[in-house]
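Keep in mind that this is a model prediction, so the values were computed, not measured. By convention in this document, chain letters (A, B, ...) are assigned in the order of the sequence lines, proteins followed by strands, and residues within each chain are numbered from 1.
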Amino acid sequence: MITVLFFAQLREQLACEEATLAAGSVAVAADLVPALIAANPQWAEVLQSRPWLLSVNQAMAKPVTTINDGDEVALFPPVTGG
Amino acid sequence: MITVLFFAQLREQLACEEATLAAGSVAVAADLVPALIAANPQWAEVLQSRPWLLSVNQAMAKPVTTINDGDEVALFPPVTGG
Amino acid sequence: MTDVVEHDLVQVQQEDFSLAEHYARLEQLAGNTGAVVFFIGKVRAESEVDPVQALELEHYPAMTEKSLSRLVAEARERWSLDAITIVHRVGKLAVGAQIVLVAVSSRHRDEAFLAARFLMDNLKTRAPFWKKEHRASGARWVAAREQDDVAAAQWFSQ
Amino acid sequence: MTDVVEHDLVQVQQEDFSLAEHYARLEQLAGNTGAVVFFIGKVRAESEVDPVQALELEHYPAMTEKSLSRLVAEARERWSLDAITIVHRVGKLAVGAQIVLVAVSSRHRDEAFLAARFLMDNLKTRAPFWKKEHRASGARWVAAREQDDVAAAQWFSQ
């Protein structure tokens with residue numbers, strides 16, 4: 001099982017803080033948005049509205065970053081701290 | 001009359017904090033060291049040992065900066081504050 | 001609270017922080033420190049018409065200190081530094097409130113200035129914080145500034 | 001004590017200064033301040049063999065505040081700044097003692113970092129202060145660092 005967290009306006013727009021995906025439904029980071037949309041078609045518009053940043057196990061990820069069973073993945077807008 | 005102040009190692013090497021020159025003995029900043037040596041030959045070695053910085057009326061001066069009667073001139077080594 | 005190396009401190013907290021206390025910490029660690037640079041970021045009202053009344057700071061707790069500690073480690077690879085402090089607040093902050101403190105001490109001023117700037121530029125683009133502005137007219141998430149991406153990218157272009 | 005403009009402060013003094021007090025002054029003046037940068041310079045021991053025991057700071061009183069006020073005015077011409085503080089100590093200072101404080105507040109961090117750096121680089125080469133190191137082996141005047149000239153010159157090369 002893969003845990004997916006959402007933050008900031010993405011969390012608000014989906015009205016969801018945390019979702020899960022079945023192990024094996026994603027291999028790399030680039031698979032995440034299509035897999036989320038397949039499992040939750042009502043999220044398609046929001047998830048495709050702009051590119052989101054993605055972390056795997058609390059480190060910023062690239063499209064080719066591998067996702068394994070048990071990983072914690074997060075999707076969020078560009079950061080604005082400081 | 002022109003007041004001449006010395007600072008830091010120059011003050012120590014000349015063993016002098018302040019000297020005066022007759023009005024008219026210098027026209028521009030470049031005249032100052034020759035005029036001081038003419039008036040105080042024992043200062044020649046120290047004054048010629050290296051280039052010194054020069055201010056006229058508390059502003060950094062260039063060789064062409066004019067010196068007038070009543071001005072306060074200062075000679076000193078490169079600054080090292082901060 | 002994470003001690004990154006003995007002399008470094010990374011903290012994410014709701015409470016306010018004291019510049020004087022963080023300076024005292026650096027003073028205790030001073031080996032042959034000749035230069036200390038502090039950066040403090042604060043909540044701005046932004047405009048007189050419909051000013052920001054409060055700023056809400058969300059973060060990704062499991063990732064935040066990891067990201068900041070990574071930035072500290074990168075700064076230490078680039079420069080010879082005595083001590084580094086990063087404190088970042090989260091939660092709801094009033095106008096004028098302190099948001100972030102970055103402090104760097106080093107032998108000479110060049111390293112301290114560069115490292116403080118590096119940490120702020122990269123914190124703004126790589127640490128998982130998000131700001132939401134509350135105004136009389138409503139709340140809105142702050143958009144990332146393109147300038148911040150440019151500022152951060154220049155550290156890696158050489 | 002010279003008020004350069006309403007929001008600026010230039011002070012040359014023997015007494016120590018308090019970072020917290022100078023921060024409080026900036027806080028009172030904060031209009032729409034989003035960024036505050038402090039630089040503090042301190043007396044270094046320099047080496048373990050024959051360390052510096054004290055630093056003596058001489059200056060040219062009639063010229064010092066004029067020079068510093070001119071730097072403040074030049075910084076204000078270059079950047080949009082909220083408030084500037086420069087405090088420089090003179091007299092005999094122990095190892096670890098504070099020598100100089102430069103503080104700049106502004107809307108965004110870029111201006112505050114650049115102006116603080118500009119003020120320090122130019123203070124080091126254009127303000128009439130001279131340092132004499134006292135060590136067990138004797139006293140000697142500190143030589144100007146060529147690096148400081150380079151750092152100051154780059155502000156005028158563009």
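Annotation: salt bridge (charged side-chain N to carboxylate O under 4.0 Å, His left out) contacts involving residues 90-115 of chain D, sequence neighbours excluded, comprise C/Glu46-D/Arg107, C/Arg117-D/Asp110, C/Asp121-D/Arg109, C/Asp148-D/Arg109. Applying the salt bridge (charged side-chain N to carboxylate O under 4.0 Å, His left out) test to residues at least two apart or on different chains, the pairs with a partner in residues 47-59 of chain C are A/Arg11-C/Glu58.
More than 12 heavy-atom neighbours from other residues, nucleotides or ligands sit within 6.0 angstrom of CD on D/Glu15. Sparse packing is recorded around CD of D/Gln147, with 12 or fewer heavy atoms of other residues, nucleotides or ligands lying under 6.0 Å away.
Both the backbone and the side chain of D/Ala116 come within contact range of chain C, with heavy atoms under 4.5 Å apart. Only the backbone of D/Ser47 comes within contact range of chain C, with at least one heavy atom under 4.5 Å from a heavy atom of that chain.
Taking D/Ala20, D/Ala35, D/Ser18 one by one and counting their heavy-atom pairs under 4.5 Å with chain C, the maximum is reached by D/Ala35. Comparing C/Met120, C/Gln98, C/His108, C/Glu27 by how many heavy-atom pairs each has under 4.5 Å with chain D, the most go to C/His108.
Every residue meeting the side chain to side chain contact (heavy atoms under 4.5 Å, CB included) condition with D/Lys131, not counting sequence neighbours, appears here in chain and number order: B/Thr80, D/Leu55, D/Leu57, D/Ile99, D/Lys124, D/Val142.
Contacts of residues 37-45 of chain D with chain C at a heavy-atom distance below 4.5 Å involve D/Val37, D/Phe38, D/Phe39, D/Ile40, D/Gly41, D/Lys42, D/Val43, D/Arg44, D/Ala45, listed in sequence order.
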